[in-house]
Structure formats: structure tokens, C-alpha cells
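Residue numbering restarts at 1 for every chain, and letters A, B, ... go by the order of the sequence lines.
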Protein chains: 2
Amino acid sequence: MKYIEKLRNSGLRPTKQRLQICEVLFDTEKTFHFTINDLAKKIENQLNNKISLATIYNTVHAFEKKGYVKQIPINSSQTYFDTNISDHHHFYDLNERRLIDLENSDVGPIKILKKINGKKVKSIEVLVKIED
Amino acid sequence: MKYIEKLRNSGLRPTKQRLQICEVLFDTEKTFHFTINDLAKKIENQLNNKISLATIYNTVHAFEKKGYVKQIPINSSQTYFDTNISDHHHFYDLNERRLIDLENSDVGPIKILKKINGKKVKSIEVLVKIED
DNA sequence: CACTTTTTTAGAACCATTATAAAGTACATT
DNA sequence: AATGTACTTTATAATGGTTCTAAAAAAGTG
């Protein structure tokens with residue numbers, strides 16, 4: 001299994017549940033956006049298997065801490081995650097309530113001219129809201 | 001009262017509660033960021049008066065719809081609003097969990113090169129996460 | 001004033017997320 | 001393989017921000 005090492009290297013024991021979540025998240029051609037609920041459903045359908053919600057929350061948060069998924073900053077009742085961990089941005093379609101990737105190369109270079117004393121920039125995220 | 005007209009013009013009856021919320025939100029030198037709870041506390045302290053939480057929610061959402069306050073897109077358990085409705089951005093200090101305004105002039109021009117068919121851009125918001 | 005519509009309100013309901021604590025699993029050591 | 005320990009999973013309860021409800025109050029209209 002290709003994910004066993006990945007998990008071990010990050011100090012996470014390769015449990016059955018974590019490996020299955022890896023499969024669902026990373027064994028895909030394309031990256032995607034998801035909420036915890038989306039993921040839970042996907043696991044049930046795709047693996048014909050149920051993993052406790054608490055475990056899914058724990059695992060996704062562990063993966064986020066390790067940088068395997070990213071949280072998308074957006075106001076919504078649910079938290080959105082992204083399996084695309086490259087430096088990129090998002091469109092948010094207000095009508096269809098849908099996120100669309102916006103690659104870094106599709107956004108001109110962003111220069112932050114203001115500096116905050118003693119702080120360093122960790123990330124720059126752009127959200128472009130669109131509508132009909 | 002200077003807010004009576006403002007409210008009437010937007011089809012909102014100028015009730016005592018709405019006028020008081022206007023005072024707290026807009027009778028200040030500087031703009032500020034707030035959560036509903038922040039605002040509720042501020043009303044109690046500043047006006048020595050209690051307005052029902054439901055009313056505060058209703059009013060802030062009504063004001064948002066009218067464009068008098070803006071929601072700040074950020075992942076947090078509470079929704080953040082901004083009385084600064086100018087086109088601008090934010091730093092988010094991860095250590096102190098605090099928002100700091102980032103004026104448009106402090107960010108280089110942003111060009112979105114990708115277009116989505118039949119959709120127009122409503123807003124472009126940048127969130128710069130900073131840490132120690 | 002009489003009447004209609006909007007607004008406020010306290011409290012209940014909702015629901016995403018987090019906490020709990022008991023049972024299960026991984027793994028190093030022997 | 002057996003043992004011990006730390007980590008993980010799980011069902012369920014708890015939490016807490018937000019929304020709903022329906023009755024009372026206030027605003028606007030003629």
C-alpha cells in the first residue's frame with residue numbers, strides 16, 4: 001500500500017480507516033473540494049463501508065495539519081476542504097454555491113506592500129465571487 | 001437622526017433597535033471587525049440596553065444585504081463582519097486570531113485571467129495569513 | 001382611531017463540530 | 001507469540017453559533 005509510508009512518515013499510524021480515507025481522497029485523477037459530510041457519503045458509496053464521523057473529522061484535521069489537504073477560507077455553514085494542496089485560489093459561484101479552482105497562473109502576481117511587525121506571511125488566498 | 005433616512009431609503013423601518021445598532025456600528029471614527037456576539041456585548045456596554053440576539057442577527061443580515069456591512073470570508077466558528085465596506089482585504093493573524101485591514105492600495109493590482117462562461121465577477125477578496 | 005404589515009422577542013430547534021470515555025488496534029520489547 | 005503501552009476508533013453526548021417560531025409590540029396608513 002502506497003499510503004502506509006506516507007502516514008508513517010508523518011507520525012500517523014496507518015490504520016485501516018486512515019488508509020481508506022487516503023484512497024478516497026487521493027486515488028483520483030482530479031483533485032476536489034469536499035465537506036466532512038461529502039466525504040462520509042463518498043466513503044459509504046465508494047468503499048461500501050462506514051467510518052465513524054468522529055474518525056473522519058479527526059483524520060481530515062490530522063491530514064490538514066500535515067498539509068495533505070487544505071481548508072478553503074469561505075463563509076459557509078460547513079467547512080470546505082481541498083485535496084489540491086498547490087498554491088492556488090478559488091472562484092465561488094454565488095448562484096450555484098460551488099467552488100472552482102483558480103490556478104496561481106490564472107491570477108497575476110500578488111504583491112502585499114504592507115508589512116506587519118514581527119509577523120511573516122504564511123499564505124495568500126484569493127476568493128473571487130462570481131454570479132450570473 | 002441621521003440614520004432614519006438611511007434606513008427608510010433601503011425599505012427598512014427605522015425602529016429603535018435598528019437605530020441603536022446603527023449608532024454602535026457607524027458612529028465611530030474607525031471601522032472595525034465584529035462577530036454577532038461582539039456586537040451584542042458592545043450594545044450592552046455602550047448603550048446600557050439589551051437587544052434580543054435574534055434582532056441583532058436579523059439586523060446585521062439586513063444591513064449586509066443592503067451593503068452597509070460586509071461579511072469577511074474566513075474559516076472560524078463565528079461569522080465575522082466588517083463596517084469597512086470599501087474594496088479591501090485582510091490579514092489574519094493566526095497566533096492572535098485577529099483580523100487586520102489591508103487596504104486595496106497595499107495590495108498590487110490583481111488580474112484574474114481566467115473567465116467563467118456567463119458569470120461576472122462580483123468581488124475579489126484576499127486573505128493573507130500571518131504568524132510569528 | 002382602526003387596521004394591516006413589519007418587527008421584536010424569548011425560547012426552542014437545528015446542526016456542524018468537538019468532547020468523552022470505553023473498547024479496539026498498532027507496535028516495540030521481550 | 002505474548003505483554004504492555006500508547007494511540008485510535010467509536011457511539012454518543014455536549015457545545016455553541018445560528019435560525020426558526022409564534023405571540024406580543026411597534027410602525028405605518030387611511
Q: Just call it for T79(B): base, sugar-phosphate, or nothing, with non-hydrogen atoms closer than 4.0 Å on any strand.
A: sugar-phosphate
Q. Counting heavy atoms not belonging to K114(B), are there more than 12 under 6.0 Å from its NZ?
A. yes
Q. Can K6(A) be said to sit on top of Y68(A)'s aromatic six-ring, NZ or CZ under 6.0 Å from centre and within 45° of the ring axis?
A. yes
Quickly work out the [X] [atom1] to [N] [atom2] distance and round it to whole Å.
{"X": "N37(A)", "N": "dC15(C)", "atom1": "CG", "atom2": "P", "answer": "11 Å"}
{"X": "L39(A)", "N": "dA16(C)", "atom1": "CG", "atom2": "C1'", "answer": "15 Å"}
{"X": "Q20(A)", "N": "dT8(D)", "atom1": "CD", "atom2": "P", "answer": "16 Å"}
{"X": "K16(A)", "N": "dT10(D)", "atom1": "NZ", "atom2": "C1'", "answer": "12 Å"}
{"X": "L19(B)", "N": "dT8(C)", "atom1": "CG", "atom2": "C1'", "answer": "14 Å"}
{"X": "I36(A)", "N": "dT17(C)", "atom1": "CD1", "atom2": "P", "answer": "7 Å"}
{"X": "N49(B)", "N": "dT8(C)", "atom1": "CG", "atom2": "P", "answer": "13 Å"}

Kindly say if [X] contacts the phosphate of [N], meaning a side-chain N or O under 4.0 Å from OP1 or OP2.
{"X": "Q17(A)", "N": "dT25(C)", "answer": "no"}
{"X": "S77(A)", "N": "dC15(C)", "answer": "no"}
{"X": "R18(B)", "N": "dA27(D)", "answer": "no"}
{"X": "R8(B)", "N": "dG28(D)", "answer": "yes"}
{"X": "T15(A)", "N": "dT9(D)", "answer": "yes"}

Q: Could you check L12(A), N58(A), I51(A), T55(A) and say which one makes a side chain to side chain contact (heavy atoms under 4.5 Å, CB included) with R18(A)?
A: L12(A)
I'd like to know if [X] and [Y] make a salt bridge, using a cut-off of under 4.0 Å between side-chain N and carboxylate O.
{"X": "E23(B)", "Y": "K42(B)", "result": "no"}
{"X": "E125(A)", "Y": "K129(B)", "result": "yes"}
{"X": "K2(A)", "Y": "D27(A)", "result": "yes"}

Q. Residues from residues 50-75 of chain B sitting under 4.0 Å of DNA chain D, heavy atoms only?
A. A54(B), Y57(B), H61(B)
Q: Choose from dG17(D), dT5(C), dC27(C) the nucleotide whose nearest atom is closest to any side-chain atom of Q78(B).
A: dG17(D)
Q: Specify the closest pair of heavy atoms between D101(B) and F91(B), including all atoms of both residues, with the distance to one decimal.
A: O-CD1, 4.3 Å
Q: Give the intermediate values and the outcome of side-chain contact (heavy atoms from CB on, under 4.5 Å) for residues H90(B) and H33(B).
A: CA-CA 10 Å; H90(B) 293 96; H33(B) 309 123; 3.3 Å; yes
Q: Say whether L47(B) and F26(B) are linked into one hydrophobic cluster, either directly or through other cluster members, by side-chain heavy-atom distances under 4.5 angstrom.
A: yes
Q: Could you tell me, to 10°, how much the axis swings from one end of the helix from dC1(C)-dG30(D) to dT30(C)-dA1(D) to the other, five pairs per end?
A: 30°
